[in-house]
Protein chains: 2
Amino acid sequence: MNKSLLCRLLSIVAILIGASMTFSLPWALPVFGGDWKHEQSGFWGLIAAMFVCFGVGIVLRQLGRNGHGQLFQKEAMAVVGLSWVLATVLGALPYTFSGTHRTPTDRMTYVDAMFEAQSGFSTTGATVLTELQDPKLVPRCIMFWRSSTHFLGGLGIIVLFVAILGQGSAGKALMKAEMPGPSQSSAQARMQHTAWVLFLVYVGLNTLLTVLLMLENLSLFDALCHAFGTMATGGFSTYNASIGYFETRPDLYNASLIDYTITFFMFLAGTNFMLIYALVIFQPQRILADIEWRVYVSIILLVTVLVVAVGLYNHDFENSGMISPDPAAVAAADGTVIDEDASKQTVAKGLRYGMFQVVSIMTTTGFCTDNFDIWNSFGKGVMLVLMFIGGCAGSTGGGLKVIRHILFVKILGLEAEQSFHPSVVRPLRLGGSPVEDQALRKNILVYFGLIFLIFTTGWLFTISLEPDSTWTDNGHMAEHKLIDAASCVAATLNNIGPGYGVVGATKNYTHFQWYSKMLFIWLMMIGRLEIYVIVVLFVPSFWRSQ
Amino acid sequence: MNKSLLCRLLSIVAILIGASMTFSLPWALPVFGGDWKHEQSGFWGLIAAMFVCFGVGIVLRQLGRNGHGQLFQKEAMAVVGLSWVLATVLGALPYTFSGTHRTPTDRMTYVDAMFEAQSGFSTTGATVLTELQDPKLVPRCIMFWRSSTHFLGGLGIIVLFVAILGQGSAGKALMKAEMPGPSQSSAQARMQHTAWVLFLVYVGLNTLLTVLLMLENLSLFDALCHAFGTMATGGFSTYNASIGYFETRPDLYNASLIDYTITFFMFLAGTNFMLIYALVIFQPQRILADIEWRVYVSIILLVTVLVVAVGLYNHDFENSGMISPDPAAVAAADGTVIDEDASKQTVAKGLRYGMFQVVSIMTTTGFCTDNFDIWNSFGKGVMLVLMFIGGCAGSTGGGLKVIRHILFVKILGLEAEQSFHPSVVRPLRLGGSPVEDQALRKNILVYFGLIFLIFTTGWLFTISLEPDSTWTDNGHMAEHKLIDAASCVAATLNNIGPGYGVVGATKNYTHFQWYSKMLFIWLMMIGRLEIYVIVVLFVPSFWRSQ
């Protein structure tokens with residue numbers, strides 16, 4: 001292991017993190033709408049964090065001053081894994097230094113801050129902050145830093161995706177369908193081209209969504225934060241009720257329009273960015289020919305229809321919205337006969353809330369407009385399964401990715417056939433063309449096996465070490481611990497955010513013990529970086545050997 | 001597909017099923033303790049069922065009169081799968097013909113009867129009968145038929161295990177450690193030898209346990225039924241409160257002794273029978289050297305200690321037992337200071353109930369002495385995971401088997417190492433000796449993948465199609481549907497029996513819709529026959545091609 005080279009590369013990460021904090025500073029200033037009285041702690045916290053980042057960067061740079069030579073696979077893995085750890089450690093500093101409050105009475109601990117930073121970078125969107133709308137508790141500039149970790153995380157994933165393109169049979173095979181041109185062309189040049197394309201698509205969509213949201217009457221601050229949350233498939237909002245907030249202010253916003261806008265952009269964020277590029281350069285046939293995208297769209301449509309139909313049957317949408325309806329309104333509605341108009345309206349509500357939530361979970365964004373925690377069991381069960389599916393490869397979405405599920409099902413089918421046709425060996429096909437690669441078959445199976453193992457271990461850890469009081473002290477039932485804990489682990493491992501019960505759509509992770517939060521931090525990292533680069537950090541032989 | 005040969009072999013199954021019903025007839029007679037008034041419906045039902053079995057046997061025999069030639073792998077798979085289906089269809093007849101009642105008011109439907117028969121043959125032990133102790137509702141001879149399906153199922157699995165030994169790389173590799181002698185010896189002779197050994201161990205242990213239970217004051221009937229339930233890792237009892245019944249009659253039984261006896265024999269039933277044979281022929285070193293057995297014992301000990309410790313901490317065992325304690329006794333205990341003797345007693349109770357339940361679930365037996373449904377979340381969660389582990393290969397236990405878990409974890413470890421050491425290819429080792437076989441690696445991963453897929457599909461099916469009223473009409477909460485349904489699917493797929501909530505230790509499967517019961521029938525079959533032979537029955541190309 002070339003440790004000098006490692007330090008040199010990590011120093012870049014530290015300095016970039018510090019530099020990116022600059023963009024959060026202006027929001028503390030009155031000219032950008034900040035109330036200096038409340039913002040100064042955030043402002044100076046950010047400044048202090050920047051100093052630490054630069055300091056760490058300089059020290060690492062010194063340690064790595066002899067770091068030269070080639071980046072082998074092991075070094076590459078170590079850089080990726082350690083960068084993410086370093087980003088979490090440094091990205092947490094602004095929260096701690098500014099004394100941000102996680103509840104009206106408690107400041108964030110350093111573990112809370114790391115949780116929030118990792119949730120941002122991994123584009124999970126799980127939060128420990130219970131009160132977002134009071135700048136006395138969470139300064140605006142800190143809030144902006146929180147959302148910008150989503151933007152940076154999404155960017156990091158895109159860069160990584162390009163890096164993976166260049167190496168490893170699985171990565172290549174996964175991308176064969178999407179990559180343009182014959183495979184003889186220069187790998188280096190193509191990688192650079194791809195990186196630029198993905199970067200421009202990402203930044204372009206962020207900009208476009210910001211503009212659209214501003215046209216829909218959001219402030220620049222809110223528009224930027226929600227665009228970051230959407231395009232990174234993150235899910236941090238600036239409001240306690242997430243996107244559901246806009247409905248509570250009909251005087252300011254057309255909530256339904258905002259919902260559909262964000263639904264559409266979440267859908268785009270879960271799409272392979274190479275395909276969006278294809279659309280931009282007027283090759284729409286490529287997006288339609290893409291098997292992964294077709295499956296992605298089919299799942300979203302099918303699940304939306306099922307969830308809306310079953311939800312309507314169970315009257316799940318009649319009181320939709322994140323905020324409990326006005327008691328007076330409920331009393332007035334009682335006893336009124338539901339006429340055709342009202343039921344039409346309910347269908348429209350069902351479609352709007354149902355589709356939003358399906359897209360939000362499937363793309364692993366985790367925004368909420370409806371408290372899906374109180375949906376019927378079918379809806380809740382399907383959402384839990386959706387969490388494991390995730391977005392397309394080449395998007396910012398988390399989860400296992402649609403392509404892996406397609407391959408998984410195909411491989412299991414082929415292998416089951418082998419049990420009675422041992423002599424027939426059929427190639428694995430994807431959209432007509434063979435993607436055969438024995439290593440790929442095994443890799444997919446191993447990946448599912450590892451996710452399954454990590455999920456079960458994380459679940460056992462949570463149910464055994466997290467005390468029942470986390471449930472009972474917060475108005476929940478300890479009997480729901482098994483399913484709630486499963487949803488916590490699924491929601492962090494797959495980078496979604498909200499789960500059920502104690503971490504439901506209207507709740508957050510603040511009440512968990514510090515060791516559970518540490519577990520979730522690792523789960524978010526493992527999910528985001530697709531297991532290996534994080535797991536190997538704990539393998540002694542990874543560090544020892546050449 | 002040689003359909004004639006298939007029919008000829010299936011005719012043997014039909015005739016054997018019919019013949020085995022003979023052993024249930026005597027229990028209807030007064031000389032064996034039957035009250036003829038209640039028993040006659042059962043007696044004539046069994047006679048009628050025997051006629052149908054023999055009739056089906058003769059017809060199949062006629063259809064297969066030209067059935068000769070070699071049994072290829074495909075025919076072998078078809079025979080196994082169809083035998084099990086035929087056994088279910090025929091084994092259900094006595095219940096239907098005798099008009100057995102599943103509740104005091106309702107007779108069993110044919111689906112109920114198939115469920116009960118499949119639960120018996122697959123040694124699951126899930127039941128639809130709510131009232132076992134009233135011979136007016138369930139005649140004794142039918143009850144004996146119910147328990148004998150366990151015995152037959154256990155026997156069938158042992159025969160199958162030997163058949164698998166002879167073919168397929170996975171089977172061979174799995175057995176390499178256990179099989180005595182050099183591999184050059186005649187495969188045929190060794191298979192016959194193995195079959196005899198396993199048969200004798202199975203029958204011997206059944207006999208031994210029957211005698212022991214009779215010495216512990218059980219009637220011959222009860223002793224036989226519980227021995228069948230134990231040694232087949234089945235779980236059908238003749239009492240509503242399962243093994244917990246004996247505690248309610250301190251005048252007749254030493255319940256604690258019975259508990260420990262059954263715990264020990266369940267443990268043996270989950271052990272590879274080849275190892276028990278080794279013990280019998282005074283080679284105890286072989287059992288200690290067996291890696292699977294060592295892991296099996298370690299898991300049981302570790303989980304018992306954890307479950308008992310956490311359970312004691314949560315006061316789970318203070319009111320242990322299947323029957324709610326006498327209110328007067330509770331009132332008397334209230335206000336008394338817990339002295340050292342009492343807390344010692346609680347530890348003893350915890351050990352007794354905790355170990356019984358851990359062994360019962362791990363070996364996939366499903367007997368209960370304590371309502372583990374009301375244990376703390378940790379206990380319940382661990383039990384749910386244990387369900388998927390199961391017994392050793394070469395035992396009658398279900399689940400995925402300990403050896404598959406050992407290999408699964410080892411394979412994942414080796415493959416994860418390959419991610420950063422692509423050039424180092426390490427062989428898969430089991431107890432020091434390499435069992436390398438690339439096909440084995442893939443097979444294990446595919447097996448876990450399929451179980452995972454079937455589990456998820458079964459779960460989605462149950463939560464979407466089984467109405468909430470199955471919960472709410474029976475005093476349960478619909479909010480527990482997600483976890484309860486997961487436990488139903490796990491308990492049937494892994495051949496355990498009881499789950500949580502609506503199918504908890506004191507409950508049963510009677511309230512489910514017929515289509516859910518059909519699903520569970522298939523899940524039990526899939527789990528018991530290790531997926532493939534059942535799944536291929538639904539693959540058209542399996543039947544078409546040569």
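So that the names make sense, note that chain A is the first sequence line, chain B the second, and so on, each numbered from 1. Keep in mind the model is a prediction, meaning the values are calculated, not measured.
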Q: Quick one: which of A:Asp468, A:Val536, A:Val409 has the most heavy-atom pairs under 4.5 Å with chain B, could you say?
A: A:Val536
Q) About how many Å separate CH2 of A:Trp459 and SG of A:Cys488, when rounded to the nearest 0.5 Å? A) 12.5 Å
Q: Sort A:Ile411 into side chain, backbone, both or neither according to what part of it lies under 4.5 angstrom from a heavy atom of chain B.
A: neither
Q) Which atoms of A:Val535 come close to chain B, meaning under 4.5 Å heavy atom to heavy atom: side chain ones, backbone ones, both, or neither? A) neither
Q | Residue among B:Thr456, B:Val310, B:Ile463, B:Asn314 with most heavy-atom pairs under 4.5 Å to chain A | A | B:Ile463
**Q.** Lys NZ or Arg CZ of B:Lys380 over B:Tyr500 ring: under 6.0 Å, within 45°
**A.** yes
Q: Between chain A and each of B:Leu465, B:Val533, B:Leu450, B:Ile531, count heavy-atom pairs under 4.5 Å; write down the option with the most.
A: B:Leu450
Q. Is it the side chain or the backbone of A:Leu453 that comes within 4.5 Å of chain B heavy atoms, both, or neither?
A. side chain
Q. Are any of the side-chain heavy atoms of A:His405 and A:Leu400 separated by less than 4.5 Å?
A. yes
Q) Nearest 0.5 Å, what's the CG-CD1 distance between A:Leu386 and A:Ile299? A) 7.5 Å
Q | Where A:Trp84 and A:Arg528 come nearest, the two heavy atoms and their spacing | A | CZ2-CG, 3.9 Å
Q) Within 45 degrees of the axis of the six-membered ring of A:Phe448 and under 6.0 Å from its centre: does A:Arg404 put its NZ or CZ there? A) no
Q | Contacting moiety of A:Val382, where chain B heavy atoms sit under 4.5 Å | A | both
Q | Contact origin within A:Ala486 toward chain B - heavy atom pairs under 4.5 Å | A | neither
(Q) For A:Asn376, which atoms come within 4.5 Å of any heavy atom of chain B: side chain, backbone, both, or neither? (A) neither
Q: Could you tell me whether the side chains of B:Thr462 and B:Glu466 share a donor-acceptor contact shorter than 3.5 Å?
A: no
(Q) A side-chain contact here means heavy atoms from C-beta on lying under 4.5 Å apart; do A:Phe452 and A:Phe388 qualify? (A) no
Q | Proximal component of B:Ala78, with respect to chain A [non-hydrogen, under 4.5 Å] | A | neither
Q: Please determine, among A:Leu412, A:Leu306, A:Leu384, A:Leu445, the option with the most heavy-atom pairs under 4.5 Å with chain B.
A: A:Leu412
